[in-house]
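Down below is the structure, laid out as structure tokens.
FYI, side chains are in, hydrogens and waters are out, and symmetry mates aren't considered; it's all heavy atoms of this structure. What you see is a predicted model; the values in this text were computed from it and never measured.
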Amino acid sequence: MPADFFATLSPGERIVVRYRLGPDGEAPGGVRPGGRGPAAGGERFTDALGDFVGLAPSATGDGVLVVVRTRAGEARIPRAAVARAKRVPPAPARRRPRAGGGTAPGTGIDPGAETAPGD
């Protein structure tokens, strides 16, 4: 990943960021991680998927944060913890729930329909 990758992004672009967890398994910046098992070298990683908000200075002044708006909230990830990042396609449109239950998945059978004897 080029060092200036985040400078090429516009706010609102959809990205995924893979970043290192701390030694205690906690995510930096208050992000609740899904977590991955240790990789080679014992490091643990997690991902943030969402819309790029921008870059911000860290509260301690010792670095830059990558800010990503995820479904779970805003992830503020130290730039130094980022292992990989890339643009991803827009999220697919959410489907509407079926009224009345519809058919059982993969069967074509409506579980709420009554059948006559002998059918």
Side-chain angles (χ1 to χ4, degrees):
M1 174 181 67
D4 62 347
F5 171 75
F6 295 108
T8 68
L9 295 173
S10 299
E13 284 191 73
R14 189 167 158 90
I15 62 171
V16 62
V17 178
R18 175 155 298 166
Y19 59 97
R20 289 173 197 84
L21 296 174
D24 56 359
E26 292 293 318
V31 180
R32 183 172 175 220
R36 299 200 182 280
E43 291 184 301
R44 289 181 48 119
F45 296 85
T46 193
D47 300 327
L49 171 66
D51 298 325
F52 177 70
V53 174
L55 299 174
S58 70
T60 58
D62 60 355
V64 174
L65 300 174
V66 177
V67 185
V68 180
R69 186 180 316 106
T70 70
R71 274 201 234 169
E74 202 170 81
R76 301 174 68 81
I77 306 158
R79 175 66 179 89
V82 174
R84 301 273 190 267
K86 67 178 183 177
R87 289 176 175 90
V88 293
R94 291 187 165 226
R95 294 184 181 190
R96 292 181 306 169
R98 295 181 184 172
T103 60
T107 65
I109 300 169
D110 184 348
E114 294 195 25
T115 57
D119 280 348

Is there a side chain to side chain contact (heavy atoms under 4.5 Å, CB included) between T46 and Y19 once you walk through the steps?
CA-CA 6 Å; T46 193; Y19 59 97; 3.3 Å; yes
Please confirm whether the backbone N or O of D47 pairs with a side-chain atom of R18, one donor and one acceptor, at under 3.5 Å?
no
ILVMFWY network linking I15 to I77, side-chain heavy atoms under 4.5 angstrom:
yes
Heavy-atom pair of closest approach, residues F6 and A85:
CZ-CB, 3.7 Å
Which residues share a side-chain contact (heavy atoms from CB on, under 4.5 Å) with A56, sequence neighbours left out
V67, R76
For R14, what residues pass the salt bridge (charged side-chain N to carboxylate O under 4.0 Å, His left out) criterion, not counting sequence neighbours?
none
According to side-chain contact (heavy atoms from CB on, under 4.5 Å), who are the partners of V64, at least two apart in sequence or on a separate chain?
L55, R79
Going by side chain to side chain donor-acceptor pair (under 3.5 Å), name the residues that satisfy it together with T8, two or more places apart in sequence or in a different chain.
R87
For residues P78 and L65, determine if any side-chain heavy atom of one lies less than 4.5 Å from a side-chain heavy atom of the other.
yes
For the residue pair D51 and G12, what are the closest heavy atoms and their distance?
OD1-O, 3.6 Å
Applying side-chain contact (heavy atoms from CB on, under 4.5 Å), can you list everything that pairs with T60, at least two apart in sequence or on another chain?
S58, D62
Would V17 end up clustered with F5 when hydrophobic side chains under 4.5 Å apart are linked, directly or stepwise?
yes
Should V82 and V68 be regarded as members of a common hydrophobic cluster, given that ILVMFWY residues are connected when their side-chain heavy atoms come within less than 4.5 Å of each other, either directly or indirectly?
yes
